[in-house]
Q: 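Before we start, here is the structure in question, set down as structure tokens.
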Amino acid sequence: MIIMLGMVNFAFLDSGTGGLPYLTYLKKKNPSASCIYIGDTKHFPYGEKTEAQIIENACGCVEKIIARWNPHTVVIACNTISVTALEELRRRFPDTPFVGTVPAIKPAGLISKTRRIGLLATNATVRHPYTAGLCSRFAPDCRLVSRGDPELISFIEHRFFSAPESERIAAVRPAVDFFRENGCDVIVLACTHFLNMADYIQAYAGSDIQVIDSREGVASHALSVEKTGACKTPCEPEESALYVTGFSVSNDSSEYETFCRRNNIKFGGILQ
């Protein structure tokens with residue numbers, strides 16, 4: 001039996017820890033917001049799953065989130081879930097507002113001079129027709145150079161927070177070199193995991209390549225949705241917490257605890 005712990009303003013969902021920069025960015029814009037974060041680590045990585053698996057895993061998590069916290073708004077802090085399952089989430093949970101995260105192709109098209117946009121994402125996001133549709137709609141004169149990078153995503157989830165500086169820099173080199181060789185002057189971070197390494201990616205890319213993401217747009221949209229949804233019970237500000245759905249590697253527990261300490265967020269343990 002799930003015990004309701006009380007309402008929160010925002011629940012953030014990702015396949016792992018990748019979407020946490022969206023929570024921290026929103027908290028900077030609105031420090032009083034009550035937030036919890038769920039990483040569906042039991043089913044990580046989402047980017048290597050089928051569309052049906054992604055939808056069912058995401059819906060199962062959201063069902064638990066609503067039962068336990070009944071959040072005012074659910075932020076899907078994951079490009080793969082957003083492009084694959086957002087429509088179905090809204091259909092199954094019509095009383096809950098959802099804010100999705102989609103690749104920042106529109107702003108990339110506005111700033112690219114070479115008209116070649118690099119897309120660093122999961123394989124599922126790269127393959128999904130929604131992604132190609134964004135380019136056709138918002139950057140029709142640009143070539144979209146896509147790279148699915150499950151190895152880098154796995155490194156960020158399981159190794160990044162304890163890895164030495166040299167290993168972090170080495171991890172981003174193949175992706176940046178790929179985009180540079182293809183003439184890209186913008187790299188869109190289209191998997192939220194990459195935001196944890198955005199500074200490393202930008203530093204290695206140099207001043208001739210701009211690295212962008214969708215944090216500002218997602219946080220602003222989520223706060224505007226929350227502001228208009230005034231019918232729910234007010235939330236008391238409380239300490240933000242991160243929950244996971246399971247451990248896939250033996251050292252995951254200590255890795256997540258270290259991650260939370262460094263990001264000033266409570267580790268809530270496994271969400272049953």
Q: Examine the side chains of D185 and Q210 and answer whether a donor and an acceptor come within less than 3.5 Å of each other.
A: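 The answer is no; no qualifying pair exists.
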
Q: With a 4.5 Å limit on heavy-atom distance, are the side chains of T131 and V102 in contact?
A: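 The answer is no; the side chains never approach within 4.5 Å.
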
Q: Of the options T80, D149, T84, which is the one that meets T122 in a side-chain hydrogen bond (donor to acceptor under 3.5 Å, both in side chains)?
A: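 Single side-chain hydrogen bond (donor to acceptor under 3.5 Å, both in side chains) partner of T122 among T80, D149, T84: T80.
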
Q: Would R262 and F161 count as a cation-pi pair here, with the cationic atom under 6.0 angstrom from the ring centre and within 45° of the axis?
A: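 R262 over F161 ring: no.
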
Q: Judged by modelled atom types alone, do Y22 and R215 share a side-chain donor-acceptor pair under 3.5 Å?
A: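 No, R215 and Y22 have no side-chain donor paired with an acceptor closer than 3.5 Å.
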
Q: Which residue pairs pass the ring pair (Phe, Tyr, Trp, His ring centres under 6.0 Å) test when at least one of the two sits in residues 27-66, sequence neighbours left out?
A: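 Pairs touching residues 27-66 that pass the test: F44-H158, F44-H193.
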
Q: Would you say that K42 contacts I270 through its side chain, given a criterion of any heavy-atom pair below 4.5 Å between the two side chains?
A: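 Side-chain contact under 4.5 Å: no.
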
Q: Should I76 and V83 be regarded as members of a common hydrophobic cluster, given that ILVMFWY residues are connected when their side-chain heavy atoms come within less than 4.5 Å of each other, either directly or indirectly?
A: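 No; tracing contacts between hydrophobic side chains, which count when under 4.5 Å, never links both residues.
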
Q: Side-chain contact test, heavy atoms from C-beta onward, threshold under 4.5 Å: evaluate it for I111 versus V186 and give yes or no.
A: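 They are in contact (side-chain heavy atoms under 4.5 Å apart), so the answer is yes.
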
Q: Under 4.5 Å between side-chain heavy atoms, hopping through other hydrophobics if needed: is there a path connecting F194 to V218?
A: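 F194 clusters together with V218.
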
Q: For H128 and Y130, take the angle between the two ring planes, folded into 0 to 90°, and tell me which bin it lands in: parallel under 30, tilted 30 to 60, perpendicular over 60.
A: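 If you compare the ring of H128 with that of Y130, the planes turn out perpendicular.
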
Q: Just wondering, do T41 and S15 contact through their side chains at under 4.5 Å, heavy atoms?
A: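 No, side chains not in contact.
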
Q: Please identify each residue that fulfils side-chain hydrogen bond (donor to acceptor under 3.5 Å, both in side chains) with R91, with sequence neighbours left out.
A: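 R91: side-chain hydrogen bond (donor to acceptor under 3.5 Å, both in side chains) contacts with E88.
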
Q: Got more than 12 heavy atoms from elsewhere within 6.0 Å of CD, E87?
A: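 Count not over threshold, so no.
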
Q: Quick check: do R137 and K106 have side-chain heavy atoms less than 4.5 Å from each other?
A: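 No, too far: nothing below the 4.5 Å cut-off.
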
Q: Would a single hydrophobic cluster contain both L23 and F267, if residues Ile, Leu, Val, Met, Phe, Trp and Tyr are joined by side-chain heavy-atom contacts under 4.5 Å?
A: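 F267 clusters together with L23.
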
Q: Do D141 and R115 meet the salt-bridge criterion of a basic N to acidic O distance under 4.0 Å?
A: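 Yes, R115 and D141 are salt-bridged.
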
Q: Are side-chain heavy atoms of C191 and T125 found at a separation under 4.5 Å?
A: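 The answer is no, as the side chains (C-beta and beyond) never meet within the 4.5 Å cut-off.
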
Q: Check this for me: does any side-chain nitrogen of one of R92 and E63 sit under 4.0 Å from a carboxylate oxygen of the other?
A: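 Salt bridge absent between R92 and E63.
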
Q: What is the minimum heavy-atom distance between G18 and E157, and which atoms define it?
A: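 Between these two residues, the closest heavy atoms are N-OE1, 4.3 Å.
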
Q: Any cation-pi pair here, R147 with F178, using under 6.0 Å and within 45°?
A: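 Judged by the rule (NZ or CZ under 6.0 Å from the ring centre, within 45° of its axis), R147 counts as positioned above F178.
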
Q: How about F10 and W69: do any of their side-chain heavy atoms sit closer than 4.5 Å?
A: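 Heavy-atom side-chain distance check fails, nothing below 4.5 Å.
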
Q: Tell me whether L144 is reachable from I187 by hopping between hydrophobic residues (I, L, V, M, F, W, Y) whose side-chain heavy atoms are closer than 4.5 Å.
A: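 They do not share one cluster, since no chain of ILVMFWY contacts under 4.5 Å joins I187 to L144.
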
Q: Given V74, which partner from the list I38, L89, T96 fulfils the side chain to side chain contact (heavy atoms under 4.5 Å, CB included) test?
A: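 Only one option passes, and that is T96.
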
Q: Step by step, would you call N9 with S34 a side-chain hydrogen bond (donor to acceptor under 3.5 Å, both in side chains)?
A: CA-CA 5 Å; N9 295 110; S34 175; 4.7 Å; no

Q: State plainly whether one hydrophobic cluster holds both I153 and V126, where clusters connect Ile, Leu, Val, Met, Phe, Trp and Tyr through side-chain heavy atoms under 4.5 angstrom apart.
A: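 No, I153 and V126 fall in different hydrophobic clusters.
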
Q: Could you tell me if the side chain of P150 sits less than 4.5 Å from the side chain of P45, heavy atoms only?
A: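 Sidechains of P150 and P45: no contact.
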
Q: Go through the steps to decide whether T101 and N79 satisfy the test side-chain hydrogen bond (donor to acceptor under 3.5 Å, both in side chains), and finish with yes or no.
A: CA-CA 5 Å; T101 305; N79 288 268; 5.9 Å; no

